[in-house]
Amino acid sequence: MNKFALVDCNNFYVSCERAFNPSLNDKPVIVLSNNDGCAIARSEEAKRYIGMGAPIFKHMDIVKEQNIHLFSSNYTLYADMSHRVNEVLSQFSPNIEPYSIDESFLYLSSNRNIDLNQYGIEMRNKVLKWTGIPTSVGIGPTKTLAKIANKLAKKNKMCQGVLDITNHARMNDFLASVEVDDVWGVGWKYAKLLKRNGINTALDLRDANESWIKKKMTVQGLRTVLELKGTPCIELEETVQDKKQIVNSRSFGMDIDKYEDLSEAIASYACRAAEKLREQDSICSHISVWIKTNGFKDDPQYSKSISCRFPEPTSYTPLIIKYSLHLLKKIYKSGYKYKKAGVMLMDLVPAENTQFNLFIKINHSRNKKLMEAFDKINNSWGSQTIRCAASGFARPWTMKRNRISPMYTTDWNDIIRVN
DNA sequence: TCTGGGGTCCTAGGACCC
DNA sequence: TCTGGGGTCCTAGGACCC
């Protein structure tokens, strides 16, 4: 019998802030998206006041009234804490798949004759003790069922944050208590379709007609149904796959209309995307650039994207910047207030597969050495220690992060002092 | 003043080939 | 110029995830 565990960190970003600032315990806390825009993580105390994804500026009166503590997102801290949680979890199973920054799947071998509920509680306690992060653990015969078990474990205070539903006598009751929208793989569009056809719960979906599901929801929907029945269709992915595309995009901290500002932003996004490309030892042959105005405003709207191929696959930052600015020039129109822009690198292949173009004279070994030096400096001295002049100096357009917490675990200057 | 960012997979349809 | 079957490749768009 297969057994999967899904370990999910509770209100992860808020828990990271609390781990280093215990005075936030039992208080309402919210972590905001980039640009301090939306609420993307909420403590239990804050959930009743502010919805998920709510734009915070619309709710500042409640924030003040309830004394809600707000934080800008501090991804440096959260990514580091995520690694620590996974390090502890990997002591409990060699087969682990970090699924997102706050969730991991574990494969639990079936022949071990142990009480998995108890095992889950040990897991949870150790992660809490060693990292300060509270988690919930769901266990089931497939990933989809482990997800459901996790949801139920969170909801039900009786089970101490851990629930194993494998071969459970109450399986049907459990599935009937989960809305079909809450099933992993069912988004709001499919949920609407399913409900129109009388499929309201996870139990209804499990027992739905398979060929109808396949017709309406493609093979992915069918996989979900089979997983609900206990047949694993979605494997554990233990090795990190190379990305097939790399995106870097941001909203600006302010509206910008000047081409110069826009080109600084595009150049710095292109620069960062190229760094990510080299981190996985890939090169790309296709690039796309887009810009858009603020759709929430009544101002005249403009949004455009454009792409092109490189003469030969590359990961050379100056070239990628050059092409991104060339594309920007083609789609930029003056007279608009731009709010967001992005760069995407596509058609990624491993760098060793390079097919150089016979007719282009480029000093590849020189470029490679330059990029290696560039990355090495930024890796050892901090990102952006050296950067391309095209990405600007004053950079008035960078995102707002007015409520950022210290980099407690990754910066010597921010390390906690014990008196 | 203020509304996130970064990904994946699948299918349909068009262009092109023989 | 049109007829038909069978196939591949590419792109756009829609769905999903966190």
Side-chain angles (χ1 to χ4, degrees), chain A residues 6-9 11-13 30-41 50-61 63 70-75 78-79 82 97-105 143-144 147 150-151 180-194 213-224 233-234 237 240-256 269 272-273 276-277 280 285-286 288 290 292-299 305 307 309 337 339-348 396 399-403:
Chain A
L6 175 68
V7 184
D8 182 305
C9 301
N11 316 324
F12 182 55
Y13 299 168
I30 286 180
V31 176
L32 302 170
S33 62
N34 279 342
N35 261 321
D36 295 347
C38 306
I40 52 168
I50 306 284
M52 185 63 177
I56 205 69
F57 73 92
K58 284 189 177 173
H59 304 282
M60 286 313 284
D61 42 346
V63 168
L70 298 181
F71 288 90
S72 305
S73 29
N74 182 344
Y75 285 106
Y78 309 154
S82 178
E97 172 194 352
Y99 175 64
S100 75
I101 196 165
D102 69 336
E103 285 176 45
S104 290
F105 284 105
K143 282 174 148 186
T144 305
K147 274 273 205 183
N150 184 285
K151 195 149 283 203
V180 77
D181 328 44
D182 290 336
V183 176
W184 191 43
V186 178
W188 69 276
K189 279 236 158 149
Y190 284 152
K192 229 167 84 181
L193 171 82
L194 291 169
I213 293 291
K214 185 173 178 200
K215 202 169 103 198
K216 297 287 185 183
M217 298 172 62
T218 80
V219 295
Q220 306 201 92
L222 182 58
R223 274 184 207 132
T224 300
C233 302
I234 307 171
E237 287 177 25
V240 182
Q241 306 289 320
D242 280 348
K243 305 249 182 299
K244 296 172 180 172
Q245 57 182 43
I246 287 173
V247 178
N248 199 250
S249 81
R250 290 277 181 285
S251 299
F252 307 129
M254 56 188 281
D255 291 340
I256 59 182
Y269 301 162
R272 180 61 196 131
K276 288 196 227 170
L277 188 63
Q280 65 168 40
S285 50
H286 212 145
S288 149
W290 71 91
K292 64 198 289 190
T293 50
N294 188 344
F296 290 98
K297 284 195 175 170
D298 279 337
D299 299 332
S305 79
S307 65
R309 304 192 78 76
K337 294 184 197 155
K339 182 61 182 172
K340 192 173 177 182
V343 172
M344 182 168 14
L345 304 178
M346 295 160 292
D347 292 358
L348 274 45
M399 68 181 180
K400 268 195 297 197
R401 290 169 106 192
N402 293 333
R403 303 163 188 276

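In this text the structure is predicted, and so the values were computed from the model without any measurement. Labels below follow one simple rule: chain letters A, B, ... track the order of the sequence lines, proteins then strands, and each chain is numbered from 1.
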| request: Find which nucleotide of DNA chain B each of A:N34 and A:K297 is nearest to by heavy atoms, and output the residue with the more 5' nucleotide. | output: A:K297

| task | Identify whether any heavy atom of A:D102 sits under 4.0 Å from a base atom; if not, whether one sits that close to sugar-phosphate; answer base, sugar-phosphate or nothing. | result | sugar-phosphate

| task | From the options A:D36, A:I40, A:I50, select the one residue that forms a side-chain contact (heavy atoms from CB on, under 4.5 Å) with A:I56. | result | A:I50

| Side chains of A:K339 and A:T293: does their closest heavy-atom pair fall under 4.5 Å? | no

| Sugar-phosphate only, base, or nothing, as touched by A:K147 at under 4.0 Å among non-hydrogen atoms | sugar-phosphate

| remark: Whichever of A:V219 and A:C38 has the more 5' nearest nucleotide on DNA chain B, that residue is A:C38

| Looking for any heavy atom pair under 4.0 Å, which part of the strands does A:N35 touch: base, sugar-phosphate only, or nothing? | nothing

| field | A:L194 side chain reached by A:I213 side chain, heavy atoms, under 4.5 Å | value | yes

| message | Applying a 4.0 Å non-hydrogen cut-off, can you work out what A:K58 is touching in the nucleic acid: base, sugar-phosphate, or nothing? | response | base

| message | Within the structure provided, determine whether A:D181 and A:V186 are in side-chain contact (heavy-atom separation under 4.5 Å). | response | no

| request: Could you check whether the rings of A:Y99 and A:W184 sit parallel, tilted or perpendicular, using 30° and 60° as the cut-offs? | output: perpendicular

| request: Just call it for A:V31: base, sugar-phosphate, or nothing, with non-hydrogen atoms closer than 4.0 Å on any strand. | output: nothing

| task | Using the P atom on both, measure C:dG13 against B:dG4 and round to a whole Å. | result | 22 Å

| said: A side-chain contact here means heavy atoms from C-beta on lying under 4.5 Å apart; do A:N294 and A:K337 qualify? | reply: no

| task | May I ask you to say what A:K276 touches in the nucleic acid, namely base, sugar-phosphate or nothing, with a heavy-atom cut-off under 4.0 Å? | result | sugar-phosphate

| task | Would you write the dot-bracket representation of DNA chain B, where each base gets (, ), [, ], | or . depending on whether it forms a Watson-Crick or G-U pair under 3.5 Å and with which partner? | result | ....||||||||||||||

| Any side-chain heavy-atom pair of A:E103 and A:K147 under 4.5 Å | yes

| remark: One should read off an interatomic distance between A:M399 CE and A:S73 OG, to the nearest 0.5 angstrom, of 6.5 Å

| field | A:K214 atom NZ: more than 12 heavy-atom contacts under 6.0 Å | value | no

| message | What's A:I101 touching, base or sugar-phosphate or nothing? Going by heavy atoms closer than 4.0 Å. | response | nothing

| task | Indicate, with a heavy-atom threshold strictly under 4.0 Å, whether A:E103 touches base, sugar-phosphate, or nothing. | result | sugar-phosphate

| query | Quick one: how far along DNA chain C does chain A reach, first to last nucleotide 5' to 3', anything under 4.0 Å to a heavy atom? | reply | C:dA15 to C:dC18

| message | Once you apply a heavy-atom cut-off of 4.0 Å, does A:K340 come out as touching a base, just sugar-phosphate, or nothing? | response | sugar-phosphate

